[in-house]
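Here is how names work: the chains are called A, B, and so on, in the same order as the sequence lines, proteins then strands, and each is numbered from 1. As the structure is a prediction and not an experimental result, all values here were calculated from the model.
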Amino acid sequence: MPELPEVETVRRGLAPVLDGAVLARVEARRPDLRFPLPDGFVQRLTGARIGQMSRRAKYLLAPLDRGDVLVMHLGMSGRFEIAGAKAKRRPGEFVYAASVDEKHAHVVFHTGAGETVTYFDPRRFGYMDLIAEDALADHPWFKGLGPEPLGDDFTAARLKSEFASRRQSVKATLLDQRVVAGLGNIYVCEALYRSGISPERAAGSLKPKALTGLVETIRQVLAEAIEVGGSTLRDYAAADGALGYFQHRFKAYGREGEPCLKPSCGGVIERIVQGGRSTFYCPICQR
DNA sequence: CCCACGACCTGTGGGC
DNA sequence: TGCCCACAGGTCGTGG
């Protein structure tokens, strides 16, 4: 669900409450999310102090003063909610009915400062683990990850070499976290639309000029989305309860049957399925 | 190795 | 109103 801009927005919402916080009490209300929580999850967290919250791809990272990193992935429907002095909104005041919501409050962090950070995840595709900090880079979740799209390593040259051998569609290739880390279905659709590249093109067939444009467009779309707090479709919100606004700027995603917004294009946005996922694009101006 | 597809889990919204 | 189906922001394992 949450892609890079949403996860980054969540990180920014959690940081004021969790950076430097001591976890006075931790509740694991069920033994597993997508995967079982690690052995001793609660004990290993209780009393630990968190350093600076960070993010890699779609993973949230909370480094602990005990040498472990609490790694959290939101899956499709994971979100955090803050309650306490720093909360801007009353608990439970959100998209799901309170009764439904409460049922999916799976993990609760109580800080020494009296704040409560609750992880909700109805579909339970999210996951958490505790990984030794010095083993993080070699961990299977991180080892093969591609460059951060907003970082210096994400370049047209890099994309060119990743794309070179692939006959797979450019849509599917950009969703591959080994190629570039953090894009998901929405932002790939939006970036390809803005780039004027058909999602069905074989990745390896893109010309240097298209690759350069694509890199720039991906950066722009993500930066814009972060700026407005990500996209709120159903169950996503920042940890402080703020809703994202980027969904109002979608030009392709979710716009099946609506007119292409490029001046004088005249096309109509189509929905196709690639790799089992919806792709939205304009067949006229995306070639 | 590459790639397509089903599985995981629950909720929502549309059509009848 | 109620029921059934399609679909949802992600990733992993399997099998061709």
(request) Treat a base pair as Watson-Crick or G-U wobble with both distances under 3.5 Å, then lay out DNA chain C in dot-bracket form, 5' to 3', with | for cross-strand pairs. (result) .|||||||.|||||||
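Each of dG10(C), dA8(C), dC12(C) was ranked by its minimum atom distance to the side chain of Y59(A); first place goes to dC12(C). Looking at the side chain of Y253(A), the nearest of the listed nucleotides dA8(C), dC12(C), dG10(C) is dA8(C). For R124(A), the listed nucleotide lying nearest its side chain is dT10(B); candidates were dC12(C), dG10(C), dT10(B).
E81(A) and T118(A) share no donor-acceptor pair across their side chains, judged by distance under 3.5 Å alone.
For dG11(B), the OP1/OP2 oxygens have a side-chain nitrogen or oxygen of H104(A) closer than 4.0 Å. Distances shown here put every side-chain N or O of R277(A) at or beyond 4.0 Å from the OP1 or OP2 atom of dA8(C). Listed pair R79(A) / dG9(C) fails the phosphate criterion, with no side-chain N or O lying under 4.0 Å from OP1 or OP2. Close to dT11(C), at under 4.0 Å from its OP1 or OP2, lies a side-chain N or O of Q177(A). Between S77(A) and the phosphate of dG11(B), there is no side-chain N or O to OP1/OP2 separation shorter than 4.0 Å. Applying the 4.0 Å criterion to OP1 and OP2 of dT11(C), one finds that H73(A) has a side-chain N or O inside that range. For K58(A), a side-chain nitrogen or oxygen approaches OP1 or OP2 of dT11(C) to under 4.0 Å.
Separation of the P atoms belonging to dC7(C) and dC5(B) is 15 Å when rounded to the nearest angstrom. On the P atoms, dA6(C) is 13 Å away from dG6(B), given to the nearest whole Å. Atom name P, nucleotides dT14(C) and dC9(B): the rounded distance is 16 Å, in whole Å.
Applying the side chain to side chain donor-acceptor pair (under 3.5 Å) test to T217(A) and every residue at least two apart in sequence or in another chain returns S195(A). Residues meeting the ring pair (Phe, Tyr, Trp, His ring centres under 6.0 Å) test with H110(A), sequence neighbours left out: none. Annotation: salt bridge (charged side-chain N to carboxylate O under 4.0 Å, His left out) contacts of E216(A) (sequence neighbours excluded): none. Partners of R166(A) according to the side chain to side chain donor-acceptor pair (under 3.5 Å) rule, which considers only residues two or more places apart in sequence or in another chain, are Q168(A), D176(A).
Note on R29(A) versus E102(A): salt bridge recorded, some NZ/NE/NH1/NH2 to OD/OE distance being below 4.0 Å.
Applying the side chain to side chain donor-acceptor pair (under 3.5 Å) test to pairs two or more places apart or on separate chains, those with a residue in residues 260-272 of chain A are R271(A)-S278(A). The side chain to side chain donor-acceptor pair (under 3.5 Å) contacts involving residues 125-143 of chain A comprise Y59(A)-Y127(A), where partners must be two or more places apart or lie in separate chains. Applying the side chain to side chain donor-acceptor pair (under 3.5 Å) test to every pair with at least one member in residues 181-190 of chain A, sequence neighbours left out, gives these pairs: E6(A)-Y187(A), K171(A)-N185(A), Y187(A)-S231(A). Residue pairs meeting the side chain to side chain donor-acceptor pair (under 3.5 Å) criterion with at least one partner in residues 145-158 of chain A, sequence neighbours excluded, are R55(A)-E148(A), R56(A)-E148(A).
Between the CG atom of D121(A) and the C1' atom of dT11(C) there is a distance of 13 Å, given to the nearest Å. When the C1' atom of dA8(C) is taken as reference, atom CZ of F280(A) falls 10 Å away, rounded to whole Å. The distance between atom CD of E102(A) and atom C1' of dT10(B), rounded to the nearest whole Å, is 17 Å. Protein atom NE2 of H106(A) is 8 Å distant from nucleotide atom P of dT10(B), rounded to whole Å. We find that CZ of R56(A) is positioned 12 Å from P of dT11(C), with the value rounded to whole Å.
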(request) Any chance you could list the contact pattern along nucleotides 2-8 of chain B? Use B for base contacts, S for sugar-phosphate-only contacts and - for none, protein heavy atoms under 4.0 Å, 5' to 3'. (result) -SS---B
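Atom CZ of F35(A) sits in a crowded spot, with more than 12 heavy atoms from other residues, nucleotides or ligands closer than 6.0 Å. Environment of CD in Q52(A): sparse, with no more than 12 heavy atoms of neighbouring residues, nucleotides or ligands closer than 6.0 Å.
Looking at R219(A), its side chain never comes within 3.5 Å of a backbone N or O of A223(A) through a donor-acceptor pair.
At a threshold of 4.5 Å between side-chain heavy atoms, the hydrophobic network of Ile, Leu, Val, Met, Phe, Trp and Tyr places L150(A) and V188(A) in one connected group.
Ring geometry for Y253(A) versus F250(A): interplanar angle over 60°, hence perpendicular rather than tilted (30 to 60°).
Taking every heavy atom of residues 179-199 of chain A and every atom of DNA chain C, pairs under 4.0 Å involve G184(A), N185(A), I186(A), by number. Taking a 4.0 Å limit (strictly below) on heavy-atom distances, residues 138-149 of chain A reaches DNA chain C at W141(A).
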